[in-house]
S.K.: 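Have a look at this one.
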Amino acid sequence: MDSHKSDLYPAFHSRLPLCELRAIIPFPRKIGGNMIRKQLTSFIRRTIVDVLEKMPADIPADIHLETPPRKDYGDFSTNTAMVLASQLKKPPREVAGELLAKMQGSPPGFIERIEIAGPGFINFFLNPDWLHECVRAILNGNGSYGRCNIGEGRRVLIEFVSANPNGPIHIGHGRGGVIGDVLANLLEAIGYEVDREFYINDAATSGQMQKFGRSLEARYFQLQGIEKEIPEDGYHGDYVTDLAREILDAEGARYNDMSNEDRLRTFTNLAQEKMIEHQRETLERFGITFDNWFSEQTLVEAGRVEQAIEALKARGHTYEEDGALWLRSTEFGDDKDRVLVRNNGVPTYLASDVAYHTNKFERGYDLLIDIWGPDHHGYMIRTTAAAQAVGYAPERLHIFVHQIVRLLSEGELVRASKRAGDLVTLDEILDAVGKDVARFFYLMRSHDSHLDFDLDLARKESQENPVYYVQYAHARICSILRDAEDTASERSLAAADLSLLNHETEVSLMRKLADLPEEVKLAAAEYAPHRLTRYAQELASSFHCFYTECRVLSDDDALTLARLALLRATQIVLQVTLGLLGVDSPERM
RNA sequence: GCGCCCAUAGCUCAGGGGACAGAGCAACUGCCUUCUAAGCAGUAGGUCGCAGGUUCAAAUCCUGCUGGGCGCGCCA
């Protein structure tokens, strides 16, 4: 039992804390994005109040209104009775009976019947009209279906990728990249105002950048046939040679005669500029654009690192020892204190990180999200500690770490090592399978699970892989809508009689469409963008079943129109879903 | 040694208190004179790593094991 720790570090819950959600969504947690859900929710709430007479101060947060796993459990289902059972010290089914009796007194019109099932679930069977209304809402929604305003415009800064400017974007960055990008999309969809930021570790004092400059310089000379050694712990990757060639091709040998000191400085700067440019290009290929590329060096130059250190001193969270300045991070749960300023007077990475996070808060964000690779997980505590030490509530800084990505090639794992140069770049993945497959594959696994990217398989399976399965659904729809261009105008679809849609596969498809708002909300709130790929596959599956069973274009004009409306709605939901994933919705395949 | 993550179908993984544990791939059987077969239907496949505990209810939460991955600098 470690409640002490979790009290101290709520930020470590890798999701929006439920308390926050609860403040926004009073009850129950799984309120939906359509009217029916809201009405059902308040109906259940009223019933609980009636039955319990005195309402408990807090209705337990684990009461859910959910979509049951099987259709004979109804359209919606709640665990209310089972949750209340322990409070009331009665068997769940008995509690359910009392609730049911009360509910049947004055059920809202949209409820057809209510049943008690299993251990005490209360299942609601709705009049099918609710699905038709849902389809109409999609058709009339102007692409806004699935969106809501939980965020109420609060500002979120999500920082991700932040690769060091001394190497290309590799497959690990790719993972952080999609997770961050799609999470940003999701948070925007639920009403947050989101900025995406890439932090550049470009501090001029850093030894790694100088080593990088020296490595580039060596390659530059080598390409001219001049003997020059790469530093032993320098960067040996081919990309360094490529950069050197770029420079040589563009500017010739003009750097040969510079003083060593000037040349090193020049090459360090050049190396960095070129590298960042390449990173930006790769990420753009991958569908990721940042609102801001934030330079560490600007913090240093503006004296912000000094200020951050002074702020920590002023708050009494530092002390001097062995000639260094230490942050008393153990006060905030770290297992040891950390150095802020080395005994040679140079601030550590942590010091600029404090300055950076302070700066983020000062720019007015309500919530900061950092997405880090697994090699940084040891820094979660000290960074959170530092943020607290400068006075920011840890709930406002969510750091989460994804697990490693390895490349599986010809059945063998390829380990990435930047300095040795045998890393696998994101560009290689993009060359092999393209943006859509890459993004989708990355998001088929939860972020805290390891990911072996089997390139051969991704390529080989490109005929039957889940991305194409989903995109194919969209292309099929487009094809029919093209054929029906004349009848499928927006106006005629609006007049369609949707009550004709009562084939089993039509109903399943409509139900799936109705789930989107809830899926978006959960994926966002749980920081689980991978939920969306699953939803996309389920939606596509529902569509393909429908397609096989029901012919859309027929002699029956009314039915044709109704099915065209359903098609159009499905197309919209597919577009919204794929759009959130940053995957294209092709019109033909 | 300490910290984080993982262990579920042959393989890769979802599900993270609730109703008979799911999907894709692989295997087997069917379905194209009709809107795209990149599709559909069906069969087979599981002591949810092990042992305790909490609960009306545990794959899910807690504790302890076992096995694996990653990290643990006055590097960034």
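In what follows, chains are A, B, ... by sequence order, proteins preceding strands, each numbered from 1.
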S.K.: Centre-to-centre under 6.0 Å for A:Tyr527 and A:His447, is that the case here?
M.R.: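 Ring-ring flag for A:Tyr527/A:His447: false, centres at least 6.0 Å apart.
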
S.K.: A:Lys71: which residues meet the side-chain contact (heavy atoms from CB on, under 4.5 Å) condition with it, sequence neighbours left out?
M.R.: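 With neighbours one apart ignored, the set is A:Glu504, A:Arg511.
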
S.K.: Looking only at atom C1', what distance separates B:G49 and B:U8, rounded to whole Å?
M.R.: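 Comparing C1' positions in B:G49 and B:U8 gives a spacing of 10 Å.
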
S.K.: Got a sec, which residues hit ring-ring contact (aromatic ring centres under 6.0 Å, His included) with A:Tyr535, two or more places apart in sequence or on another chain?
M.R.: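 Counting only residues at least two positions away or on another chain, A:Tyr535 forms no ring-ring contact (aromatic ring centres under 6.0 Å, His included).
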
S.K.: Would you please name every residue forming a side-chain contact (heavy atoms from CB on, under 4.5 Å) with A:Ala438, sequence neighbours left out?
M.R.: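 For A:Ala438 the side-chain contact (heavy atoms from CB on, under 4.5 Å) partners, ignoring immediate neighbours, are A:Phe286, A:Ile429, A:Leu430, A:Val433.
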
S.K.: Figure out the CG/P separation between A:Leu451 and B:A7, and round it to whole Å.
M.R.: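 Result: 14 Å.
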
S.K.: Check side-chain contact (heavy atoms from CB on, under 4.5 Å) between A:Leu500 and all other residues, then give those that pass, not counting sequence neighbours.
M.R.: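 Partners of A:Leu500 under the side-chain contact (heavy atoms from CB on, under 4.5 Å) test: A:Asp497, A:Ala558, A:Leu559, A:Ala562.
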
S.K.: Report yes if the ring of A:His544 lies under 5.5 Å from the six-membered base ring of B:A37 with planes under 30°, and no otherwise.
M.R.: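 Taking the rule of under 5.5 Å and under 30°, the ring of A:His544 does not stack on B:A37.
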
S.K.: Say you pick atom C1' in B:U47 and the same atom in B:A9; how far apart are they, in whole Å?
M.R.: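 Each nucleotide's C1' atom is 14 Å from the other's.
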
S.K.: Expressed in whole Å, how much space separates the P atoms belonging to B:U60 and B:C50?
M.R.: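 Those two atoms are separated by 10 Å.
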
S.K.: Using the six-membered ring for Trp and the full ring for Phe, Tyr or His, decide whether A:Tyr469 stacks on the six-membered base ring of B:A38 (centres under 5.5 Å, planes under 30°).
M.R.: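 Ring-base stacking flag not set for A:Tyr469 and B:A38.
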
S.K.: Assuming nearest nucleotide by heavy-atom distance, tell me which of A:Arg338 and A:Glu549 is located more 5' along RNA chain B.
M.R.: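 So the residue in question is A:Glu549.
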
S.K.: By the ring-ring contact (aromatic ring centres under 6.0 Å, His included) test, which pairs, at least two apart or in different chains, include something from residues 546-569 of chain A?
M.R.: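 For residues 546-569 of chain A: A:Phe543-A:Tyr547.
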
S.K.: Rounding to an integer number of angstrom, what distance separates B:G46 and B:A23 when you compare their C1' atoms?
M.R.: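 After rounding to an integer number of Å, I get 15 Å for this pair.
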
S.K.: For B:C62 versus B:C5, give the span between their P atoms, rounded off to a whole number of Å.
M.R.: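 Approximately 10 Å lies between the P atom of B:C62 and that of B:C5.
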
S.K.: In whole angstrom, give me the gap between the P atoms of B:U55 and B:A41.
M.R.: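 My reading of the P atoms in B:U55 and B:A41 gives 44 Å.
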
S.K.: Identify the stems formed by RNA chain B, where each pair is Watson-Crick or G-U wobble with both distances under 3.5 angstrom and a stem is at least 3 consecutive pairs.
M.R.: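 Stems (3+ consecutive pairs) listed as B:1-7 with B:66-72, B:10-13 with B:22-25, B:27-31 with B:39-43, B:49-53 with B:61-65.
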
S.K.: So, A:Phe121 and B:A19: ring centres less than 5.5 Å apart, planes less than 30° off, yes or no?
M.R.: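 Yes, the aromatic ring of A:Phe121 stacks with the base.
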
S.K.: Mind checking the P distance from B:G39 to B:G22? Whole angstroms is fine.
M.R.: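 It works out to 23 Å between them.
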
S.K.: Taking the same atom, P, in B:A44 and in B:U29, what whole-Å distance lies between them?
M.R.: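 Roughly 15 Å separates the two P atoms.
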
S.K.: Looking at A:Tyr379, I'd like to know if the NZ or CZ of A:Arg382 sits under 6.0 Å from its six-membered ring centre while staying within 45 degrees of the ring's axis.
M.R.: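 Satisfied, under 6.0 Å and within 45°.
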
